[in-house]
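These numbers come from a predicted model, not from an experiment. Order of listing sets the numbers, starting from 1, for every ligand and every atom in it. Residues take their numbers from the sequence shown, with the count starting at 1. Values reported hereafter were calculated over all heavy atoms of this structure, with side chains retained and with hydrogens, waters and symmetry mates removed.
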Amino acid sequence: MHIPNLDKAKIRSKQEVLTKTYENIKESNLEKIGLNKKYYIKTYGCQMNEHDSENIKAILEEMSFSEVDNMEMADLIILNTCAIRENAHNKVFGMLGRIKHLKEEKPNILVAFCGCMAQEEDVVNELMQKYKWVDMIFGTHNLHEIPIILSHALKSNKQEVEVYSIEGDIVENIPAKRDSKYKAWVNIMYGCDKFCTYCIVPYTRGKQRSRKKEYIIDEVKTLKKQGYLEVTLLGQNVNAYGKDLDTDYKMENLLEDVAKTGIERIRFVTSHPWDFTDNMIDTIKKYPNIMPYIHLPLQSGSNRILKLMGRRYTKESYLNLYNKLRKALPYSSITTDIIVGFPGETDDDFKETLDVVNKCKFDSAFTFIFSPRKGTPASKMVDNISLDEKNKRLQTLNKLVNKYAKERNDVYLNKTVPVLIEGYSDKDKSKLMGYTDTMKLVNVSGDSKYIGSIVSVLITDVKTWSMDGVIK
Ligand code: 5AD
Ligand code: SF4
């Protein structure tokens, strides 16, 4: 049994990161343990978690489990959880309530709890005390150990807890059962060393570990051969790629090499303004297969709050970078993340955030109310703003964000843009859907033979969150 420990999770030593390969460490005698058994997985949170779930699915299928999309039919239920804000946490505990009833009816089903919440000391303590019926708990560092954890859980009646609060290594070649046939997530780094004061990620995901470029390029080349049209390079802070490696090879070099593979579309998330270099901008500009879409979290427009957040840039330097990007990439979209109600945020601080939004006119923004995460410095800061006030600020901000999102979309009306058609629209099955190079969602009228290709679409209507168009 290994139980998480937040103090240990904070440690950043000079210890070397080891790159292991899945084929060398996996248990090879467990291929049949899932025979005739079905699994259901529910994923919360970010793209990193989505991709982890793709790995988990492939590992389970190597053990002969098959996937079902109805929890009631499953022999194994997995919750891949997110710890970023309290509401994500609450959703997961709500789901546990539902699963408990199911487990009472069918005591033989196995329940697994993994992901970022499994890295939290308090959560695991609660699961160990009040949710003893959860069969297995494992963390973000040991997905590759699922087969062995599962085989123990199948044999014993006690809760298996295997969570490591370590800086972390890298395991290459973990298989993935990808959700899309056209778009793929490609991790380029794990963890984060920025320790923004509000953020739990550096504790749940370990230290920054960049994958070696050879593995990344090989993965992209293989995906291209398999017919994938788009890759999204993933990391908590992708611009810092390579800073932890003993080479001069940085994000701009990686972007260039990935572009040279010739894969049709390359995206990358998430960028931290601190590490965004001029060379990176030049590379994005130079290669048409690097998409003109940048997610550049602002968090706050107030220098005082940015400092308290530990963000390492100012309102002015953010605006400078933003303007540089817009100038270099006139046809592009830039989106952001903003937190309101950080401890001690005054009306004037909030006005500074609105000022940046007014200046940048973002294509869109994810906006959040500050949520204290246990163990982070911000959770100990005095927070004297009422929830009512925070809600008001969020509403004011959202109104402004939406206004500019619509304005940015208006420019697309009657223009023809490239769209990767992914499938049928969720809302209207008679329509197709896909994203532009600039990451705008388009509902498209056209023949289903275009699913899986990049086509020219004439935009016929624009809304705040999506557009309509026809294939030309
Ligand atoms: N409270 C509210 N929002 C948060 N984020 C990260 N941590 C918190 C928190 N404690 C937001 C940031 C980040 C996005 C992924 O989630 O805006 O960019
Ligand atoms: Fe969290 Fe900051 Fe790291 Fe992003 S850069 S994951 S906000 S600590």
How far is [atom] from the closest protein heavy atom, and which atom is that?
atom: atom 7 (N) of ligand 1; value: Tyr198 CD1, 3.3 Å
atom: atom 1 (N) of ligand 1; value: Ser371 N, 2.9 Å
atom: atom 18 (O) of ligand 1; value: Asp337 OD2, 2.6 Å
atom: atom 4 (Fe) of ligand 2; value: Gln236 O, 4.1 Å
atom: atom 7 (S) of ligand 2; value: Tyr198 OH, 3.4 Å

Does the side chain of [X] pick up a donor-acceptor pair with the side chain of [Y] at under 3.5 Å?
X: Ser53; Y: Asn80; value: yes
X: Tyr249; Y: Asp257; value: yes
X: Thr335; Y: His295; value: yes
X: Ser210; Y: Asp244; value: yes

Heavy-atom contacts under 4.0 Å between [X] and ligand 2: side chain, backbone, both, or neither?
X: Val201; value: side chain
X: Pro297; value: neither
X: Phe195; value: backbone
X: Cys196; value: both

Checklist entry - Does Arg85 count as lying over the ring of Phe368, i.e. NZ or CZ under 6.0 Å from the six-ring centre, within 45 degrees of the axis? => result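 Positive - Arg85 is close enough to the ring of Phe368 and near enough to its axis.
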Item to check | Geometric cation-pi criterion Lys406 and Tyr404, 6.0 Å radius, 45° cone | outcome: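 Judged by the rule, Lys406 and Tyr404 form no cation-pi pair.
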Checklist entry - Of Gln208, Gln236, Arg12, Lys207, which meets side-chain contact (heavy atoms from CB on, under 4.5 Å) against Pro202? => result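 The residue from Gln208, Gln236, Arg12, Lys207 that satisfies side-chain contact (heavy atoms from CB on, under 4.5 Å) with Pro202 turns out to be Arg12.
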Item to check | From Thr336, Asn87, Val201, Ile369 - option closest to atom 2 (C) of ligand 1 by heavy atom | outcome: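 Answer by nearest heavy atom: Ile369.
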Next on the checklist: Judged on heavy-atom distance to atom 11 (C) of ligand 1, which of Glu86, Arg85, Gln236 sits nearest?
Outcome noted: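 Nearest heavy atom to atom 11 (C) of ligand 1 lies in Arg85.
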If I compare all heavy atoms of [X] with all of [Y], which pair ends up nearest, and what's the gap?
X: Gln119; Y: Thr140; answer: OE1-N, 2.7 Å
X: Asp193; Y: Arg312; answer: O-NH2, 3.9 Å
X: His272; Y: Arg311; answer: CE1-O, 3.3 Å

Checklist entry - Under 3.5 Å, side chain of Arg205 to main-chain N/O of Tyr190, donor-acceptor pair present? => result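 No, the answer is negative, given that no donor and acceptor are paired below the 3.5 Å cut-off.
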Checklist entry - Can any side-chain N or O of Arg211 pair as donor or acceptor with the backbone N or O of Asn187 at less than 3.5 Å? => result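 Judged by distance alone, yes, a pair lies under 3.5 Å.
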Interfacing atoms of ligand 2 (cut-off 4.0 Å, heavy-atom, [X]):
X: His272; answer: 5 (S)
X: Lys194; answer: 3 (Fe), 5 (S)
X: Pro202; answer: 8 (S)
X: Cys192; answer: 3 (Fe), 5 (S), 6 (S), 8 (S)

Checklist entry - Does atom NZ of Lys243 have more than 12 heavy-atom neighbours, drawn from other residues, nucleotides or ligands, at distances under 6.0 Å? => result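 Counting other residues, nucleotides and ligands, NZ of Lys243 exceeds 12 neighbours.
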I'd like to check which ligand 1 atoms, numbered from 1 as shown, lie under 4.0 Å from a non-hydrogen atom of [X].
X: Phe370; value: 1 (N), 2 (C)
X: Ile339; value: 3 (N), 4 (C), 5 (N), 12 (C), 17 (O)
X: Gln299; value: 12 (C), 13 (C), 17 (O), 18 (O)
X: Arg373; value: 10 (N)

Checklist entry - Side chain, backbone, both or neither: which part of Ile84 has a heavy atom under 4.0 Å from ligand 1? => result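 Ile84 to ligand 1: contacts from backbone and side chain alike.
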Checklist entry - Can Arg311 be said to touch ligand 2, with heavy atoms closer than 4.0 Å? => result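 Flag set, Arg311 near ligand 2.
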Item to check | N/O/S from Cys199 sitting under 2.8 Å away from atom 3 (Fe) of ligand 2 | outcome: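 No, Cys199 does not qualify, because none of its backbone or side-chain N, O or S atoms lies under 2.8 Å.
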